[in-house]
Chemist: 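Sending over a structure as structure tokens; questions will come in a sec.
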Amino acid sequence: MAEPAILVSGGAGYIGSHTLRHLAAEGRKLVVLDNFVHGHQEAILDEGITVVEGDLGDPAVVERVFSEHEIGAVVHFAAFINVGESVRDPLKYYDNNTARPLVLLAAMQRHGCKVFVLSSTAAVYGEPEAIPLVESHPLQPVNPYGWSKLMLEQILRDCGTAWGLRSVCLRYFNASGSSGDGLIGEDHEPETHLIPRVLLALTGEADKITVFGTDYDTPDGTCIRDYIHVNDLARAHALALDHLLGGGESVACNLGTGVGVSVREIIDAVEEVTGKKVPVEFGERREGDPARLVADPSRAKEILGWEAGKKDVREMVESAWTWMNGPKKGHFQK
Ligand code: UDP
């Protein structure tokens, strides 16, 4: 019998496309479902991947995918990620990130597919009560984006009880970097993330970087985050699949390095890696930013055998810079 395929929803997005490449390199059979609203067709590089253009909230498209392919597992990325937008337009987030995946889950239930890897987020924790964050920390998001993901986590747990779905919820900290060969990388529109925004201030696409707040209770007054390389995230999804396909239990795992880096330290790293002076402006705090978000990644190591390979933020900056100067950058712009 042919090997069942892995369905990757949102496989044309930033983390999705890096994961897809990793899974393809491992020789896995892959089907991508992407509506290309934010994903980029050009980010799907490997031959032999079946690409279905469609929305995971469209019952006809999803049913067709499950009828035409034997799907053994789902890795679900397709989601909106802009925290500020989620505050302004919560229904957009609850629709796309929480409601539409129900169509996918219903198809899984109908077709007896019981393995699910979720692209989740550290935003499910909200304002941290203690650092580093462990998975048992209270789940109290402070914005609709975090809630939209947390609700989906809960839905997965309930499906586990009801019909035996097994899931791994991967709670990412700050995804960063690129494939490193210049072929795929981070290309959001609009770009809100710190590392690409600092780099855009060097390429001339932005005139400066604004540091959001210098009066936080941290050693240099700027916010501390845990920057995790996108290829390390990609590898974690493969390990999560192995865990579940090998009969492992449902679990939620943080994916971070455990290393906290401040906004000022990111700017220093950019100057060191590029040899260029970053034009910086010091501004007001951005609403909703906790002072520190740093993962305790030990559960991922214990259960999935995963550990970040890159822990020095200069490596993340270097690979983001490679992408930004590569020939492909810009072809993702929509
Ligand atoms: N940040 C900043 N200037 C920017 C973008 C981000 O100072 O133009 C800060 C932001 O306040 C946060 C950190 O950089 O403390 C990381 O922000 P990002 O949006 O990359 O990720 P988040 O931690 O919000 O998921």
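All values reported here derive from a predicted model rather than from experimental measurement. Ligands are counted one by one from 1 in listed order, and the atoms in each one are counted from 1 as well.
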Chemist: Report, in ascending order of atom number, the atoms of ligand 1 lying under 4.0 Å from any heavy atom of C223.
Modeler: 15 (O)
Chemist: What residue and atom, counting heavy atoms only, is the protein's closest point to atom 9 (C) of ligand 1, and at what distance?
Modeler: V263 CG2, 3.8 Å
Chemist: According to the interplanar angle, ranging from 0 to 90°, do the rings of Y93 and Y145 count as parallel (below 30°), tilted (30 to 60°) or perpendicular (above 60°)?
Modeler: perpendicular
Chemist: So if I count the atoms of ligand 1 from 1 in the order they appear, which ones are less than 4.0 Å from some heavy atom of V211?
Modeler: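 Close to V211: 7 (O).
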Chemist: Decide whether S176 and N174 meet the rule of one side-chain donor and one side-chain acceptor closer than 3.5 Å.
Modeler: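 No, because no side-chain N or O of S176 sits under 3.5 Å from a partner of the opposite role on N174.
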Chemist: In the protein, which heavy atom is nearest to atom 11 (O) of ligand 1, and how far is it?
Modeler: D289 OD2, 2.5 Å
Chemist: What protein heavy atom is closest to atom 22 (P) of ligand 1, reported as residue, atom name and distance in Å?
Modeler: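 Minimum-distance protein heavy atom for atom 22 (P) of ligand 1 reads N174 ND2, 3.5 Å.
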Chemist: Any chance CD of E127 has more than 12 other-residue heavy atoms, nucleotides or ligands included, within less than 6.0 Å?
Modeler: yes
Chemist: Quick one: which ligand 1 atoms are inside 4.0 Å of a heavy atom on T192?
Modeler: 5 (C), 19 (O)
Chemist: Could you give the distance from CD (Q154) to OG1 (T98), rounded to the nearest 0.5 Å?
Modeler: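 Result: 12.0 Å between the selected atoms.
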Chemist: Hey, is H193 touching ligand 1 through its side chain, its backbone, both or neither, going by heavy atoms under 4.0 Å?
Modeler: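 The answer is both.
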Chemist: Quick check: I209 and ligand 1, any N/O pair under 3.5 Å apart?
Modeler: no
Chemist: Any carboxylate oxygen within less than 4.0 angstrom of a Lys/Arg side-chain nitrogen, looking at E307 and K301?
Modeler: yes
Chemist: Look at atom 20 (O) of ligand 1 and say which protein heavy atom is nearest, naming residue and atom and giving the distance to 0.1 Å.
Modeler: L194 N, 2.8 Å
Chemist: Students should be able to answer this: which protein heavy-atom is nearest to atom 2 (C) of ligand 1, and at what distance?
Modeler: F212 CD1, 3.3 Å
Chemist: So among R285, R292, R286, which one has a salt bridge (charged side-chain N to carboxylate O under 4.0 Å, His left out) with D289?
Modeler: R286
Chemist: Take atom CZ in R314; do more than 12 heavy atoms of anything else shown fall under 6.0 Å from it?
Modeler: no
Chemist: What part of T210, side chain from CB on, backbone N/CA/C/O, both or neither, has a heavy atom under 4.0 Å from ligand 1?
Modeler: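 The part of T210 near ligand 1 is the backbone, not the side chain.
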Chemist: Is the ring pair F116/H76 parallel, tilted or perpendicular, if the boundaries are 30 and 60 degrees?
Modeler: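 Answer is tilted, since the angle falls between 30° and 60°.
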Chemist: Among all protein heavy atoms in this structure, tell me which lies nearest to atom 8 (O) of ligand 1, with the distance rounded to 0.1 Å.
Modeler: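 Checked against all protein heavy atoms, atom 8 (O) of ligand 1 sits closest to R197 NE, 2.8 Å.
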Chemist: Does a side-chain N-to-carboxylate-O contact under 4.0 Å join R166 and E249?
Modeler: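 No, this pair does not count.
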Chemist: Does any donor atom in the side chain of Y172 or S119 lie under 3.5 Å from an acceptor atom in the other side chain?
Modeler: yes
Chemist: Is it true that Y227 lies under 4.0 Å from ligand 1, counting heavy atoms only?
Modeler: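 It does; at least one heavy atom falls under 4.0 Å.
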Chemist: How far is atom 23 (O) of ligand 1 from its nearest protein heavy atom, and which residue and atom is that?
Modeler: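 That would be R225 NE, 2.7 Å.
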Chemist: Closest non-hydrogen protein atom to atom 19 (O) of ligand 1, residue and atom name please, with distance?
Modeler: R286 NH2, 3.1 Å
